[in-house]
Amino acid sequence: MMKITFYGQNSLAIKIGDIDIIVDPFITGNDLSKDKVDIMDLKADYILLTHAHQDHVLDAEAIAKNTGAVIVSNFEIANHYEENGIEVHPMNHGGSWDFEFGNLKYVNAIHTSSFPDGSYGGQPGGFVIEGEHKNLYIAGDTALTMDMKLIPMQTKLDLAVLPIGDNFTMGVDDAIIASDFIECDKILGCHYDTFGYIEIDHEEAKRKFYEKGKDLMLLEIGESIEL
Ligand code: NI
Ligand code: MN
């Protein structure tokens with residue numbers, strides 16, 4: 001069983017068996033989620049960070065220190081947190097590792113990755129998780145890229161978390177093409193509505209996916225789905 005809970009922007013909690021994973025925690029700085037979620041209530045054995053932008057890492061250190069979770073990210077981001085006394089697992093693009101929750105691969109994304117203070121956060125990425133029974137792609141912040149076509153050559157996805165807010169990442173139309181590239185028609189939308197630049201029309205977005213025979217899910221803050 002894989003349970004995925006949405007906490008706004010790209011923030012997710014994923015439960016695989018009895019392992020708790022937090023992805024890109026940005027909650028205390030998000031007007032849509034800060035009054036609905038207490039980060040001190042979140043359980044985490046691992047925290048996956050796609051890149052170093054503030055809207056992905058803001059609460060990572062606090063959650064790691066509260067839970068003892070291991071931060072998994074690219075080499076530069078892992079080093080940053082290790083210097084702050086947090087246990088880390090560094091990866092880089094194209095690399096995979098067998099964790100206790102399954103195999104995790106750090107895959108390409110086209111975006112940028114500076115920390116909020118401007119320091120170097122390596123190159124941005126996404127994650128492919130091959131769990132015991134279900135496979136998940138978390139694209140992170142990215143443009144539509146041909147590299148997405150590599151994913152289904154190795155992994156049959158059950159669900160993909162794709163950004164759909166446009167301006168900083170793919171918008172809805174490019175995310176529909178991405179869905180073709182990764183050969184996955186079940187999409188959880190993320191990276192929308194948090195700021196003025198990325199507000200979207202939910203019904204129009206869902207309709208566009210539906211017209212292509214695809215399912216776009218847009219969850220409320222704190223809402224979960226199970227695979
Ligand atoms: Ni970003
Ligand atoms: Mn972002």
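For ligands, and for the atoms within them, numbers begin at 1 and follow the listed sequence.
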Result for side-chain contact (heavy atoms from CB on, under 4.5 Å) between Val172 and one of Ile164, Leu162, Asp201 points to Ile164
[X]-[Y] side chain donor-acceptor pair, cut-off 3.5 Å:
{"X": "Thr28", "Y": "Lys34", "value": "no"}
{"X": "Glu130", "Y": "Thr155", "value": "yes"}
{"X": "Glu100", "Y": "Tyr46", "value": "yes"}

Quick check with a 6.0 Å cut-off and a 45 degree axis cone: is Lys149 positioned over the face of Phe181's six-membered ring? yes
Any protein N, O or S atom under 2.8 Å from the Ni ion (ligand 1)? Found His51 NE2, His53 ND1, His111 NE2, Asp141 OD2
Can you confirm whether more than 12 heavy atoms, excluding those of Glu211, are under 6.0 Å from its CD atom? yes
Heavy atoms of other groups near Phe195 CZ, more than 12 under 6.0 Å: yes
Ser113 side-chain N/O to Gly121 backbone N/O, donor-acceptor pair under 3.5 Å: yes
Please indicate how many protein N/O/S atoms are found closer than 2.8 Å to the Mn ion (ligand 2), with waters neither displayed nor included. 4
What's the shortest heavy-atom distance between Met91 and Phe99, and which atoms? SD-CE1, 4.3 Å
